[in-house]
Amino acid sequence: MSTQGTGALRDLTVFVVSAGIAQADEILDVKPESLVRMLDVNTKGFFFSCQLAAKRFIEQGSRGKIIGAVSIVAFRAFRILASYSANMWG
């Protein structure tokens with residue numbers, strides 16, 4: 001049975017997670033609350049998004065792909081992005 005044109009969603013096959021926030025501060029100027037917010041959005045957001053995708057794959061009874069994309073800052077630190085770099089390395 002075709003769902004084309006009915007507005008029904010099809011199975012999830014690929015999930016790409018790539019969004020995040022950055023804080024531009026010198027390492028000595030990073031405020032604890034700014035770091036906590038970034039960790040909450042980037043780390044927890046990444047994890048729980050992947051968790052939801054995995055649950056969807058299981059519900060569908062199918063395998064899928066989860067692709068995580070990170071910034072270049074995960075591989076090369078930038079002076080005013082110290083907290084973001086540490087978050088991306090994690």
Side-chain angles (χ1 to χ4, degrees):
M1 179 173 154
S2 173
T3 59
Q4 194 169 19
T6 65
L9 297 176
R10 297 199 174 152
D11 285 351
L12 181 64
T13 56
V14 177
F15 180 77
V16 179
V17 59
S18 172
I21 60 171
Q23 183 71 36
D25 285 321
E26 297 281 343
I27 194 165
L28 299 179
D29 297 331
V30 175
K31 306 250 183 307
E33 58 274 8
S34 296
L35 182 60
V36 167
R37 179 173 178 262
M38 187 173 25
L39 291 169
D40 281 349
V41 171
N42 297 350
T43 306
K44 292 177 184 176
F46 183 95
F47 177 84
F48 289 117
S49 294
C50 291
Q51 183 185 62
L52 285 172
K55 287 179 180 181
R56 179 71 180 149
F57 293 140
I58 292 166
E59 288 170 6
Q60 294 171 176
S62 64
R63 290 178 171 246
K65 301 288 184 200
I66 297 176
I67 300 169
V70 296
S71 166
I72 186 65
V73 177
F75 305 100
R76 180 177 179 269
F78 290 83
R79 185 174 147 188
I80 64 165
L81 295 172
S83 57
Y84 183 63
S85 292
N87 185 222
M88 291 294 102
W89 292 338

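Computed over heavy atoms, backbone and side chain alike; hydrogens, waters and symmetry mates excluded. The residues of the chain are indexed from 1 along the displayed sequence.
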Query raised in the report: Quick one: side-chain contact (heavy atoms from CB on, under 4.5 Å) partners of S62, sequence neighbours excluded?
Result: Q60
Query raised in the report: Is it true that V14 and L12 fall in one hydrophobic cluster, defined by side-chain heavy atoms closer than 4.5 Å?
Result: no
Query raised in the report: Any side-chain heavy-atom pair from N42 and M88 closer than 4.5 angstrom?
Result: yes
Query raised in the report: Are V70 and F15 in one and the same hydrophobic cluster, where Ile, Leu, Val, Met, Phe, Trp and Tyr link if side-chain heavy atoms are under 4.5 Å apart?
Result: no
Report task. Measure the CD-CE distance between E33 and M38 for me, rounded to the nearest 0.5 Å. Result -> 12.0 Å
Query raised in the report: Are V17 and F48 joined in one hydrophobic group, where the rule is that I, L, V, M, F, W and Y side chains link up if heavy atoms are under 4.5 Å apart?
Result: no
Query raised in the report: Which atom pair, heavy atoms only, marks the closest approach of F57 to I66?
Result: CE1-CG1, 3.7 Å
Requested in this report: Please identify each residue that fulfils side-chain hydrogen bond (donor to acceptor under 3.5 Å, both in side chains) with T43, with sequence neighbours left out.
Outcome: N87
**Report entry** In one Ile/Leu/Val/Met/Phe/Trp/Tyr side-chain cluster, 4.5 Å: F46, V73
**Finding:** no
Requested in this report: Supply the atom-to-atom distance Q23 CD to K31 NZ, rounded to the nearest 0.5 angstrom.
Outcome: 9.0 Å
Report task. State whether the number of non-hydrogen atoms from other residues, nucleotides or ligands found under 6.0 Å of I27 atom CD1 is greater than 12. Result -> no
Report, one line per pair, each donor and acceptor closer than 3.5 Å where one atom sits in a side chain of residues 78-85; sequence neighbours left out.
residue, atom, partner, partner atom, Å
R79, NE, E26, OE1, 3.1
R79, NE, E26, OE2, 3.3
R79, NH2, E26, OE2, 3.4
S85, OG, L81, O, 3.0

Query - Test side-chain hydrogen bond (donor to acceptor under 3.5 Å, both in side chains) applied to D11 - qualifying residues, sequence neighbours left out - result: none
Report task. Output all residues satisfying side-chain hydrogen bond (donor to acceptor under 3.5 Å, both in side chains) with S18, sequence neighbours left out; order by chain, then residue number. Result -> none
**Report entry** S49 side-chain N/O to G45 backbone N/O, donor-acceptor pair under 3.5 Å
**Finding:** yes
Query - Pairwise salt bridge (Lys or Arg N to Asp or Glu O under 4.0 Å) hits with a residue in residues 39-58, at least two apart - result: D40-K44, R56-E59
